There are 2 protein chains.
Amino acid sequence: MLGAALMLVHTGRAPTRSALTAELGVTRATAGAAAGELAALGLIRVDTHPTAPPTGTHGRPSHRLAVAPRGPVVLALQVHVDGYRAALVGLGGRVVDTRWGCVTVPQEPAAVIDAVVAAGADLLRATKLRCVGVGMAVPSAVSEPEGEALDAFNVAWSVGTPVSAELGAAVRRAGLEGPGGAPPPYFVGNDANLEALAEHRHGAGRDARHLLYVTTGHRGVGGALVLDGRLHTGSAGLALEVGHLTVDPAGRPCRCGGRGCLDVEADPLAFLQDAGRTPGPEPSLLRQAVDLLRQSDRDAGVRGAADLLADRLGLGLAGLVNILNPDRIVLGGLHSALLSAQPRRLHAVVAERSLWGRGVPLLPSGIGRAGLVGAAELAWQPVLDDPVTALEAAPA
Amino acid sequence: MLGAALMLVHTGRAPTRSALTAELGVTRATAGAAAGELAALGLIRVDTHPTAPPTGTHGRPSHRLAVAPRGPVVLALQVHVDGYRAALVGLGGRVVDTRWGCVTVPQEPAAVIDAVVAAGADLLRATKLRCVGVGMAVPSAVSEPEGEALDAFNVAWSVGTPVSAELGAAVRRAGLEGPGGAPPPYFVGNDANLEALAEHRHGAGRDARHLLYVTTGHRGVGGALVLDGRLHTGSAGLALEVGHLTVDPAGRPCRCGGRGCLDVEADPLAFLQDAGRTPGPEPSLLRQAVDLLRQSDRDAGVRGAADLLADRLGLGLAGLVNILNPDRIVLGGLHSALLSAQPRRLHAVVAERSLWGRGVPLLPSGIGRAGLVGAAELAWQPVLDDPVTALEAAPA
DNA sequence: TCACTTTGTGCCGCTGCTAAACAAAACGGA
DNA sequence: TCCGTTTTGTTTAGCAGCGGCACAAAGTGA
């Protein structure tokens, strides 16, 4: 109950106390008690006297609810192909402060993770905010419950790298303090999964019951599914490996052994190649591809490559629609840019190649740094599940 | 709580009161009270003095729990290509009595549904058992929440046939009486989905957290997914249309507009054709194919067709494994027979063509008439969710 | 027959919620 | 300006569900 109330404030669905009452489906008394407890825990702020609220309705104005401005935060970390980023994230997905660094690939996982955790520890020292959890996004499938990276070829980590264990060690080495003085709980997730979670809680996926998220990194295609508000990661954390759907049987060979996988046919590199460009070393492949896509109305070659990308992505999405029947699809990375640039062809292909995909809304991603925000969601989850227990969290 | 307890007895996971206590994770007092209430409702039987229980353990023997022998039943109905079947099904998936009939295609939906409901009403009159719900399985995708059949080409119903409404009308016409004297609640589902549900509750899918079910009818391939004990039907009931996964880009044309879909490459008709047989009018395509598959160790042509079927099905399953990461796969229809006949090739293809499919257990279906049992599960669901409310169910 | 183990049952108290009555804060009309 | 209406916040009483505990019951084995 407390957790459900906090989630409603967290996701912005309960901006007032009366909205909280309605969303929870309980009496005013119960909702009021919950709001009071959350305020006492320092998680939310209850504005008893909202200054000049232009209501326009009858009746007593409701108290406004908001996340506490200097309440606890979580440490959100992200490792990607050429660097890392650390951020302090409050409730509501508010990024308080952020810091980043570069690494040259290949690099030992432990060294990278130590560096990103150290950056986070710096942030915490500088702001003196209380840290209640650590979440990290990595560009790899992550097995559950072991927390091992299984295909982190982007960052040149070997199969089976114990990312979760390394993160735990780094957290202890950095001397981070969580609830009860013990090291804060820490979690690792795949970046595409976490971006999907962020989109569902705070972005274009809000209120979707079955949200399909598909995105590109610099290389490859990732997917995720959020069902009834919870990430569907499959039985071992390995679901939604959408990169190996076949979209062109005569296409490029893929490291999975097949040909014409989405992973190699609908990612930034494929798009640059299809447009006849030779990818340069700088900036990132994703940025080069997005910049190029902007020229599609002036350059016929680019336009052709964009059409090809839309056809292939659309075919892949159509297959996913047949299997998952989502009520919304959010696209990230290059696919988000493609959707914004020319929505029609993509919609048409999905409608044509799926059985009942005509009405599925396709939306571009709605938040920046979704990976970081998603990592924060992971770290917030224990608090959202049971605020009291998570905040007092007796050390082991 | 009461519902959870009933579910445990229903699925056979709580054969004794102490097992119920352990599975529910509550105190003996609470579990005892729940068992007492369910017995008072006439749903289960508590054997206080189990005669001669060969325990072999220390301590006081636990009371045995079982579904009530003459407790209420649900009416399970199934419509298929050339006929229908009605059954009374008790808790625990026990088929009390069954009755069937034939129809010649094409036939008006209302007429078929009237006939199958009438058969069910006969059964109820003959046994004088109390009916608490009606469930019907149809060979078509069923939209939610409207309850319309969307691709019932097998039974020649037009797109958008309001099956749920027709069933409701037939139930009222037949004068069936449910809880409180009102017509019993009625539900419609896709047959593959309901078979999956039956397998999960009572068959080869027991205790799987992420169960993927794939099966053939006489024509086409169907799939279903059971997540954490609940059927995943997608946002509009249209998920798991696995029949249109491409498994042979140069293959047969499919009514979806594509080529080489699972639907036309891994169904009984395709197998018969691949083996060089001309399908006869009798018996059903499924039966002909299963009978033929039995000869695969004597006939090289049949063996080749079986290998081809295993390759194509395996490729389709591998794709599904990449997307859904199930912890178990159960196969029905012709695919079940294929798995029993030659498990090795199928296992090998799934392992080879999926990223992490090596360890996924593949099992043949474990119950007969799974469609009927699944339809019964659908009808039982309100009782399993909240026995008290469902059984007293005030009329509208 | 006597420990010992395991299970069923009754009683007490805590927790979390609802219901109901009352108070507070806005609006609009006389 | 006053008062009725509407909506919301607050307080109190009461109920239902469940856990904890103590005790009784029904087996096993020495």
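Chain letters run A, B, ... following the sequence lines, proteins first and then strands; every chain starts at 1. Everything quoted here is computed from the prediction, not taken from an experiment.
- Side-chain polar atoms of Thr233(A) and Glu144(A) form a donor-acceptor pair below 3.5 angstrom.
- In this structure, a donor-acceptor pair under 3.5 Å is absent between the side chains of His200(B) and Glu377(B).
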Nucleotide-resolved protein contact map, nucleotides 13-24 of chain D, B/S/- at heavy-atom distance under 4.0 Å: -----SS-----
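- Going from atom CE of Met136(B) over to atom CG of Leu194(B) covers 10.5 Å, rounded to the nearest 0.5 Å.
- A donor-acceptor distance shorter than 3.5 angstrom exists from the side chain of Ser62(B) to the backbone of Ser18(B), with no hydrogens or angles considered.
- A heavy atom lying under 4.0 Å from DNA chain C marks none of the residues of residues 14-24 of chain A.
- What separates CG of Leu65(A) from P of dT8(D) is a distance of 13 Å, to the nearest Å.
- Using a 4.5 Å heavy-atom threshold, the side chains of Phe187(A) and Ser164(A) count as separate.
- Near DNA chain C, defined here as any heavy-atom distance below 4.0 Å, there are no residues from residues 34-45 of chain A.
- Here Ser62(B) reaches the OP1 or OP2 of dG8(C): one of its side-chain N or O atoms lies under 4.0 Å away.
- The main-chain N or O of Ser235(A) is never found under 3.5 Å from a side-chain atom of Asp327(B) such that the two would form a donor-acceptor pair.
- Remark: side-chain polar atoms of Arg328(A) are not paired, donor with acceptor, to backbone N or O of Tyr213(A) under 3.5 angstrom.
- Over its full length, the helix from dT1(C)-dA30(D) to dA30(C)-dT1(D) turns its helical axis through 0°, comparing axes from the five pairs at each end and rounding to 10°.
- Partners of Asp207(B) by salt bridge (charged side-chain N to carboxylate O under 4.0 Å, His left out), not counting sequence neighbours, listed by chain and number: Arg13(B).
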Just list the side-chain donor-acceptor pairs under 3.5 Å for residues 22-31 of chain A, sequence neighbours left out, or say none.
from	atom 1	to	atom 2	distance (Å)
Thr27(A)	OG1	Thr30(A)	N	3.4
Thr27(A)	OG1	Thr30(A)	OG1	3.0

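- In this pair, Trp380(B) and His10(B) present their aromatic rings tilted. The plane angle is within the 30 to 60° band.
- Looking at Glu199(B), its side chain does come within 3.5 Å of a backbone N or O of Ala204(B) through a donor-acceptor pair.
- Between the side chain of Glu177(A) and the backbone N or O of Pro183(A), no donor-acceptor pair lies under 3.5 Å.
- When ring centroids are compared, His232(A) and His232(B) stay outside the 6.0 Å threshold.
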